[in-house]
Amino acid sequence: MPEAPKNTLKTSDYNLAEKNKISLQFIEDVTSNADEVQKKVLEEILSRNAHVEYLQRHGLNGQTDRETFKKAVPVITYEDIQPDINRIANGDTSQILCSKPISEFLTSSGTSGGERKLMPTIEEELGRRSLLYSLLMPVMTQFVPGLEKGKGMYFLFIKSEAKTPGGLVARPVLTSYYKSTHFKERPYDPYTNYTSPNETILCPDSYQSMYSQMLCGLCQHKEVLRVGAVFASGFIRAIRFLEKHWKLLASDIRTGIIDPQITDPSVREAVMKILKSDPKLADFIEAECSKESWQGIITRLWPNTKYVDVIVTGTMSQYIPTLDYYSNGLPLVCTMYASSECYFGVNLNPICKPSEVSYTLIPTMAYFEFLPVHRNNGVTNSVSMPKSLNEKEQQELVDLVDVKLDQEYELVVTTYAGLYRYRVGDVLRVVGFKNKAPRFSFICRKNVVLSIDSDKTDEVELQSAVKNAVNHLIPFDATLAEYTSYADTTTIPGHYVLFWELSLNGSTPIPPSVFEDCCLTIEESLNSVYRQGRTSDKSIGPLEIKIVEPGTFDKLMDYAISLGASINQYKTPRCVKFAPIVELLNSRVVTCYFSPKCPKWAPGHKQWSKN
């Protein structure tokens with residue numbers, strides 16, 4: 001297999017051009033020999049895990065060829081391996097899924113039974129993730145040269161972690177990476193030269209972390225050549241934070257002393273190495289931030305910025321207009337495609353339009369298969385797929401090099417860490433090829449109807465939450481005639497909106513507190529990722545219920561039929577995105593109510609706290 005590029009160079013002998021050349025050659029090699037690499041990856045995974053319980057259970061008997069593997073091992077979802085995951089979480093250290101010890105669990109933003117999914121991982125996966133990161137800037141430099149001459153202002157954060165009953169850490173993949181020596185003790189590389197010291201990124205207090213990272217970014221404003229965060233929503237939150245706190249930040253720069261609200265000693269120490277009294281810079285920040293319009297604030301405060309590095313594919317595309325406004329239309333760059341299960345691929349044309357983003361899967365990362373998707377174009381643009389596959393569907397899966405142009409597929413992975421033929425849940429479309437490796441655009445996450453940040457709420461969960469809430473209306477002899485939902489990102493942070501049409505049979509008016517209780521009940525009923533976003537991360541705003549006039553949903557149906565929908569097959573969409581429909585609903589709103597407080601949330605799974 002082509003050898004992965006290594007980074008062990010010191011500052012003194014750092015040959016950037018040579019390193020970039022090696023990385024780009026690696027991409028050429030693995031994409032030119034994609035099928036051979038994939039075959040070897042599968043053989044390696046199966047031979048090293050030949051004796052694990054899961055593969056024995058399915059009768060693989062040490063075989064490592066593709067044909068036997070596909071016949072013996074079923075295509076699965078999380079629920080199929082949940083009993084095995086629970087055994088590992090509860091302290092069973094036998095070789096259940098993987099011959100190497102499970103080092104920790106990575107908590108997925110996808111949920112099962114309202115709780116985050118737990119993805120097993122092993123120590124060596126950190127090296128694989130680091131490899132993918134190391135490919136990003138050599139690719140980027142082909143399009144935007146000179147990035148090594150300045151710094152990146154990236155707003156990166158850790159999230160809370162928990163321990164399973166068996167003592168394994170469970171945390172998001174990025175938290176795991178930022179806390180690893182791969183990140184904290186990374187070798188010298190001008191491309192990982194960030195304005196934020198590690199201490200500010202690793203601060204568990206989200207306010208102190210954001211404040212100190214923003215302060216360091218402002219102090220080094222002329223050195224910044226690129227800005228970003230992981231998700232578009234996170235970057236916009238950082239700009240909103242600046243809108244709220246620029247006076248304090250400018251005051252710190254004027255005096256050269258960090259605000260006393262920043263109490264973390266390691267953060268204070270790290271920031272004070274960067275912060276120096278600079279009245280001229282403070283005047284400049286105050287002058288720009290006090291202007292009425294914040295259009296182009298990125299290029300005004302950080303004038304050498306060449307692009308914004310954030311994920312704007314999938315549900316994050318709803319933030320593109322806001323990013324364009326704040327950045328004066330700078331290129332929006334999506335560099336890589338990854339999840340808790342596995343890091344997948346890179347964007348080899350990063351300066352493309354957001355609508356044209358595609359990712360080339362790197363064949364060394366895992367063994368990839370693809371399940372053809374046949375979907376109906378619904379209003380939600382989400383794809384509903386069967387939980388379990390029949391024998392015919394199991395045989396429909398194709399290998400990486402056998403996918404067809406313009407066809408949509410659900411991604412299925414077999415990883416080094418113990419997932420075998422696991423359905424990731426992402427729907428991808430083949431848009432081209434890099435040598436023999438396909439380029440995919442991300443279409444959507446299957447079954448998701450609402451998303452603001454990393455939360456993913458599906459139709460079944462939403463229906464169940466609404467059902468719980470309408471119980472508050474029973475004493476008033478009122479029922480819910482019809483409803484739909486909408487992810488409103490015009491507010492920062494964004495929030496869920498539900499449009500309710502009521503059927504009122506009683507004469508007693510319903511007090512506002514009852515609708516507020518309905519809002520809170522829905523929030524309490526949603527999954528832990530949503531509740532964490534509301535409570536701990538503050539990345540989602542309070543849920544809103546908008547009561548609409550009677551007959552509104554008839555108007556919605558009339559509108560859909562006028563656009564060509566069949567009256568016989570019309571069903572009220574449970575989520576709307578199409579602007580004219582949202583406008584129609586908003587034009588008929590009578591009253592609005594918001595959730596009065598945050599829903600309950602605690603790190604870890606509910607059942608762990610019982611132990």
Side-chain angles (χ1 to χ4, degrees), residues 107-112 114-117 159 172-174 229-237 310-323 332 334 337-341 354-355 357 375 378-385 410-411 424-428 441-466 483-499 522-523 525-544 573-579 581-582 595 599 601:
T107 54
S108 166
S109 58
T111 56
S112 176
E115 300 286 2
R116 285 178 180 268
K117 294 175 184 174
K159 294 199 175 183
V173 64
L174 290 171
V230 178
F231 292 113
S233 53
F235 187 73
I236 290 167
R237 262 199 327 280
V310 286
I311 292 170
V312 287
T313 49
T315 55
M316 288 294 139
S317 62
Q318 61 197 338
Y319 296 104
I320 291 170
T322 311
L323 287 168
L332 303 177
C334 298
Y337 171 39
S339 76
S340 307
E341 293 89 340
S355 59
V357 168
R375 66 173 171 141
V379 182
T380 62
N381 193 37
S382 74
V383 173
S384 184
M385 305 230 6
E410 185 187 345
L411 180 58
V424 173
D426 290 353
V427 176
L428 311 175
S441 65
F442 179 91
I443 299 302
C444 62
R445 182 87 181 175
K446 65 173 192 220
N447 301 335
V448 172
V449 294
L450 286 173
S451 177
I452 293 291
D453 192 49
S454 56
D455 54 298
K456 297 176 177 74
T457 299
D458 66 33
E459 197 169 313
V460 175
E461 188 179 10
L462 182 65
Q463 173 66 35
S464 172
V466 169
Y483 77 93
T484 191
S485 64
Y486 168 60
D488 184 353
T489 56
T490 58
T491 60
I492 301 173
H495 68 293
Y496 290 8
V497 174
L498 274 75
F499 294 98
I522 291 171
E523 294 200 302
S525 305
L526 293 176
N527 63 67
S528 67
V529 179
Y530 174 88
R531 286 181 283 111
Q532 180 177 353
R534 276 280 287 121
T535 308
S536 170
D537 303 341
K538 310 289 187 213
S539 58
I540 305 170
L543 182 138
E544 180 181 11
R574 288 298 170 232
C575 174
V576 294
K577 295 183 175 120
F578 188 44
I581 290 180
V582 176
S595 188
W601 174 81

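Since this is a predicted model, take the numbers as computed values, not measurements.
In this structure, the separation between CD on Glu544 and CG on Asp488 is 7.0 Å, given to the nearest 0.5 Å. Thr457 contributes atom OG1, which lies 9.5 Å from atom CD1 of Ile452 (distance to the nearest 0.5 angstrom). Considering CZ of Phe235 and OG1 of Thr322, their distance stands at 12.0 Å, rounded to 0.5 Å. Going from atom CG of Leu543 over to atom CD1 of Ile522 covers 5.5 Å, rounded to the nearest 0.5 Å. Taking CG of Asp426 as the start and CD of Glu410 as the end, the distance is 8.0 Å to the nearest 0.5 Å.
Inter-residue side-chain proximity for Tyr337 and Leu428 is flagged as met; some heavy-atom pair is nearer than 4.5 Å. Annotation: side chain of Ser485 is not in contact with side chain of Phe499 (no heavy-atom distance under 4.5 Å).
Relative ring orientation between Tyr496 and Tyr530 is described as tilted, the plane-to-plane angle lying within the 30° to 60° band.
When the side chain to side chain donor-acceptor pair (under 3.5 Å) test is applied to Ser595, the partners found at least two apart in sequence or on another chain are Glu523. Among residues two or more places apart in sequence or in another chain, the side chain to side chain donor-acceptor pair (under 3.5 Å) test is passed with Ser539 by Asp453. The side chain to side chain donor-acceptor pair (under 3.5 Å) test applied to Tyr483 returns Gln463, not counting sequence neighbours.
Across all their heavy atoms, Pro599 and Arg534 have their closest contact at CD-CB, 3.9 Å. Here the shortest heavy-atom pairing between Asn527 and Glu461 reads N-OE2, 2.7 Å. Smallest separation of non-hydrogen atoms from Cys334 and Val310: SG-O, 3.4 Å. Here the closest heavy-atom approach between residue Ala232 and residue Leu323 is recorded as CB-CD1, 3.7 Å. Considering all non-hydrogen atoms of both residues, Ser441 and Val357 come closest at CB-O, 3.5 Å. Nearest heavy atoms, Lys159 versus Pro172: CB-CG, 3.9 Å.
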**Message:** Walk me through whether Ser536 and Trp601 qualify under side-chain contact (heavy atoms from CB on, under 4.5 Å).
**Reply:** CA-CA 8 Å; Ser536 170; Trp601 174 81; 3.6 Å; yes

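Each of Val497, Leu526, Leu462 was compared with Leu450 under the side chain to side chain contact (heavy atoms under 4.5 Å, CB included) criterion, and only Leu462 meets it.
Listed for the Thr535 side chain is a donor-acceptor partner under 3.5 Å among the backbone atoms of Arg531.
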